[in-house]
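Written below as structure tokens is the structure these notes are about.
All chains are named by letter (A, B, ...) in the order of the sequence lines, taking the proteins before the strands, and each is independently numbered beginning at 1.
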Amino acid sequence: MSKENVTREENYSQWYNDIVIKADLAETSAVRGCMVIKPYGYAIWEKIQRQLDDMFKETGHVNAYFPLFIPKSFLSKEAAHIEGFAKECAVVTHYRLKTDESGKGVIVDPEAKLEEELIIRPTSETIIWNTYKGWIQSYRDLPLLVNQWANVVRWEMRTRLFLRTAEFLWQEGHTAHATSEEAIEETLKMLNVYSEFAEEYMAMPVIKGVKTANERFAGAVDTYCIEALMQDGKALQAGTSHFLGQNFAKAFDVKFTGKDGKLDYVWATSWGVSTRLMGALIMMHSDDKGLVLPPKLAPFQVVIVPIYRGDEELNLVSEFSLKIQKELKRKGISVKFDNRDTYKPGYKFAEHEYRGVPVRIAVGPRDVANSTVEVARRDTLEKEVLQVIDLPEKISHLLEQIQKNLYDRALERREQNTNQADSWEEFCELLDNKGGFIYAHWDGTSETEEKIKELTKATIRCIPLNNKKESGLCVYSGKPSAERVLFARAY
RNA sequence: CGGGAUGUGGCUCAGCCUGGUAGAGUACUCGUCUGGGGGGCGAGGGGUCGCGGGUUCAAAUCCCGCCAUCCCGACCA
């Protein structure tokens with residue numbers, strides 16, 4: 001671990017990459033575009049998973065698992081869907097290798113060509129709807145509320161750790177309903193689960209909205225999303241929830257008999273968040289000293305670093321520290337006692353700071369004598385000396401404060417980087433000099449949206465839900481508009 | 001797939017132009033002094049110089065070919 005950190009100011013993307021690598025979250029792998037998620041990074045993902053999974057269960061969903069492979073013919077059953085994903089699919093064509101005749105290595109056995117090629121899922125709508133056809137006959141089978149935790153592959157040209165990798169981990173919910181209304185309600189319900197998770201657990205303020213036709217999921221009627229603003233002024237889509245209408249039901253012929261005896265196609269939704277959330281989490285709170293984690297998602301919330309010289313002091317300090325650890329654990333706080341004898345305290349301070357541990361407690365012989373400890377918080381880097389007797393209460397409170405402070409800070413940053421543009425000049429100037437979210441009028445056409453993207457690289461992130469109606473003129477075309485939409489350059 | 005760059009101990013890189021015993025920092029191992037913010041000193045281990053071919057008495061260095069990776073574009077949760 002090097003001592004000099006690149007700052008956000010100097011080089012934002014290197015700053016990000018450095019944190020991922022040096023905080024030991026993930027690394028690039030021998031496979032192009034794919035990453036190895038390291039234990040510390042995976043521990044954060046597990047916390048994300050655990051919490052979301054609980055929230056899914058609470059809203060009536062159950063988990064299942066569908067195959068990694070999708071028959072090629074399935075993918076093409078829904079026209080828009082194949083259109084959207086065709087360009088980034090990995091394809092399995094053979095099922096066997098054999099020893100190369102020239103001696104070394106193995107080659108693909110040309111004899112072992114698959115009759116029908118298999119696609120490695122870029123998403124699972126097709127295999128799932130093919131399966132649902134067998135599960136659904138009557139309104140009594142509905143709603144069907146299933147989620148799966150899985151990996152998917154999208155053959156991206158350029159990848160970045162967590163933000164865009166060829167293979168990534170995610171969850172995908174796939175639900176079937178008897179009515180359009182119910183499916184839309186489900187779509188929005190899950191959008192709300194995502195935004196609640198983002199704000200409450202990741203301490204990441206998000207804007208809920210609906211995507212324009214251009215940005216819609218391939219095969220959806222409507223795509224809803226949560227959008228967050230990163231520290232470099234770029235937007236990041238953190239989660240999506242799709243109302244699929246009857247598109248997939250029609251493509252896979254999934255019908256049900258209603259109470260009235262009539263046959264109809266079912267209504268569908270799908271929704272997902274991925275390991276991209278890790279990228280969002282890293283960029284949202286971290287500073288030039290490294291990762292900053294919200295207490296609710298930190299693998300451990302508190303680290304205790306003992307300071308000692310010789311075995312005698314070690315025993316003294318350890319006993320004291322273990323007592324503290326026990327008390328804190330009783331309060332439901334996760335605490336790591338870093339008693340590695342192979343590293344010095346200063347090294348440990350720096351390491352835990354870089355890895356974003358929310359609270360550090362240093363315990364030395366002086367503390368044992370005075371019944372105190374030194375407490376340092378990661379978000380503000382403030383240190384204070386506290387009486388041991390108060391510790392469980394104070395640390396518990398401190399963790400809440402940190403969680404809240406991170407959210408407040410992020411929200412304030414977003415507000416400061418959110419502007420309105422009323423003219424094309426203003427729009428371009430804001431993008432180039434300030435970045436961030438820009439509320440501007442748009443004439444509602446795809447042509448204008450594409451033109452703006454071509455000229456400025458900014459896209460419409462979403463049309464915010466509950467957007468206030470306000471008539472105005474499109475920032476690009478000058479045509480009438482009924483509301484402002486949210487623009488930004490995005491990841 | 002276009003444009004640019006780079007491949008040398010685990011990592012970051014120097015050496016290449018001008019061919020002649022493969023180096024530094026860091027990391028690692030051992031010893032020792034240390035320990036309240038990334039320690040000091042001493043010793044030690046570790047590299048077919050991306051791969052293949054060519055030129056030469058001699059190639060990390062010159063020539064040809066290939067491969068890989070990174071950055072910038074087109075595509076994207």
Side-chain angles (χ1 to χ4, degrees), chain A residues 1-5 11 13-14 17-18 21-22 27-33 83-89 121-123 150-160 162-172 194 211 214-218 220 223-228 235-242 270-280 289-290 304-314 317 340-355 360-370 372-376 381 383 385 453-454 457 459 461 490-491:
Chain A
M1 201 181 293
S2 72
K3 293 176 190 179
E4 295 299 317
N5 299 327
N11 186 340
S13 40
Q14 203 196 328
N17 285 336
D18 284 355
I21 302 296
K22 296 200 295 189
E27 63 188 37
T28 51
S29 72
V31 186
R32 187 191 160 79
E83 167 87 23
F85 285 108
K87 285 165 292 179
E88 48 186 18
C89 286
R121 63 181 165 216
T123 179
N151 58 339
V152 289
V153 169
R154 296 181 186 176
W155 211 264
E156 301 291 349
M157 310 261 173
R158 293 190 58 205
T159 57
R160 293 194 64 192
F162 289 119
L163 294 172
R164 179 170 302 108
T165 46
E167 180 193 16
F168 56 93
L169 306 184
W170 77 345
Q171 60 63 219
E172 46 182 326
Y194 288 156
K211 289 288 190 188
N214 281 357
E215 302 277 324
R216 200 177 283 152
F217 173 74
T223 287
Y224 296 85
C225 62
I226 51 172
E227 291 283 332
L236 185 105
Q237 178 176 308
T240 51
S241 184
H242 315 291
S270 69
W271 27 273
V273 296
S274 70
T275 36
R276 178 178 246 205
L277 286 181
M278 294 283 297
K289 291 190 179 296
I304 301 176
V305 177
I307 293 150
Y308 56 91
R309 155 184 355 201
D311 284 347
E312 199 179 318
E313 282 187 5
L314 172 61
V317 166
R340 289 175 299 175
D341 191 38
T342 44
Y343 293 92
K344 309 277 166 63
Y347 182 92
K348 293 178 185 176
F349 287 2
E351 184 183 62
H352 293 300
E353 185 168 278
Y354 200 85
R355 286 168 156 237
R360 183 191 71 227
I361 297 177
V363 179
R366 289 208 297 270
D367 295 305
V368 179
N370 302 331
T372 59
V373 292
E374 182 197 79
V375 175
L381 299 167
K383 288 192 260 196
V385 173
K453 182 178 179 182
E454 188 189 315
K457 290 181 187 162
T459 49
R461 301 318 302 155
Y491 274 95

Base-pairing assignment for [N] (Watson-Crick or G-U wobble, both under 3.5 Å):
| N | value |
| --- | --- |
| G36(B) | none |
| A14(B) | none |
| G73(B) | C1(B) |
| A68(B) | U6(B) |
| G44(B) | C28(B) |
| C57(B) | G20(B) |

Would you mind telling me which of [options] lies closest to the side-chain atoms of [X]?
| X | options | result |
| --- | --- | --- |
| Arg366(A) | G39(B), G36(B), G38(B) | G36(B) |
| Pro345(A) | G38(B), G39(B), G35(B) | G35(B) |
| Lys457(A) | G73(B), G38(B), C75(B) | G73(B) |
| Arg309(A) | A74(B), G35(B), G36(B) | G35(B) |
| Glu351(A) | G37(B), G39(B), G38(B) | G38(B) |
| Thr240(A) | G37(B), G38(B), A77(B) | A77(B) |
| Ala350(A) | G35(B), A77(B), G38(B) | G38(B) |
| Lys344(A) | G36(B), G37(B), U34(B) | U34(B) |

* **Check: Lys453(A)/Asn214(A) side-chain N/O donor and acceptor closer than 3.5 Å** =>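 Checked: Lys453(A)/Asn214(A) side chains show no N/O donor-acceptor pair below 3.5 Å.
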* Could you verify whether a donor N or O on one side chain and an acceptor N or O on the other, from Thr123(A) and Arg121(A), lie under 3.5 Å apart? => no
* Nearest-nucleotide comparison on RNA chain B, the residue closer to the 5′ end among Glu167(A) and Leu381(A) -> Leu381(A)
* Structure fact -> Closest to the 5' end of RNA chain B, once Glu215(A) and Val31(A) are matched to their nearest nucleotides, is Val31(A)
* To do: Output yes when a side-chain donor or acceptor of Glu313(A) lies under 3.5 Å from a complementary backbone atom of Arg309(A), and no otherwise.
  =>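 Present.
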* To do: Spell out, as yes or no, whether a donor-acceptor pair under 3.5 Å connects the side chain of Glu27(A) to the backbone of Ile21(A).
  =>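 Such a contact is absent between Glu27(A) side chain and Ile21(A) backbone.
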For atom [atom1], what is the distance between [N] and [M], given to the nearest Å?
| N | M | atom1 | answer |
| --- | --- | --- | --- |
| U8(B) | A14(B) | C1' | 10 Å |
| A43(B) | C57(B) | C1' | 39 Å |
| C11(B) | C16(B) | C1' | 22 Å |
| A5(B) | G37(B) | C1' | 38 Å |
| C51(B) | A68(B) | C1' | 10 Å |
| G45(B) | C30(B) | P | 15 Å |
| C62(B) | U18(B) | P | 9 Å |
| C17(B) | G4(B) | P | 24 Å |

From [X] [atom1] over to [Y] [atom2], what is the distance, rounded to the nearest 0.5 angstrom?
| X | Y | atom1 | atom2 | value |
| --- | --- | --- | --- | --- |
| Phe85(A) | Arg154(A) | CZ | CZ | 4.0 Å |
| Glu353(A) | Lys289(A) | CD | NZ | 5.5 Å |
| Arg461(A) | Leu236(A) | CZ | CG | 8.0 Å |

* Asked: How many Å lie between NZ on Lys22(A) and P on U26(B), as a whole number?
  ->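 Checked: the NZ to P distance equals 16 Å.
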* To do: May I ask you to evaluate whether Arg32(A) reaches the phosphate of C70(B), defined as a side-chain N or O under 4.0 Å from OP1 or OP2?
  =>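 Affirmative; the distance criterion is met.
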How would you label the contact of [X] with the nucleic acid (heavy atoms, under 4.0 Å): base, sugar-phosphate, or nothing?
| X | value |
| --- | --- |
| Thr372(A) | nothing |
| Lys211(A) | nothing |
| Arg160(A) | nothing |
| Leu163(A) | base |
| Phe168(A) | base |
| Phe217(A) | nothing |
| Gln237(A) | sugar-phosphate |
| Glu353(A) | base |

* To do: Taking the six-membered ring for Trp and the single ring otherwise, decide whether the centroids of Phe217(A) and Tyr224(A) are under 6.0 Å apart.
  => no
* **Any residue meeting salt bridge (Lys or Arg N to Asp or Glu O under 4.0 Å) with Lys211(A), in chain and number order, not counting sequence neighbours** =>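 With neighbours one apart ignored, the set is Glu227(A).
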* **Phe349(A) six-ring centre to Arg360(A) NZ/CZ under 6.0 Å and within 45° of normal** =>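 The answer is yes; both the distance and angle limits are met.
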Distances under 3.5 Å only, N/O to N/O: pair up the protein atoms with those of nucleotides 2-9 of chain B.
none

* Face-to-face contact Tyr347(A) to G37(B) six-ring, under 5.5 Å, under 30° -> no
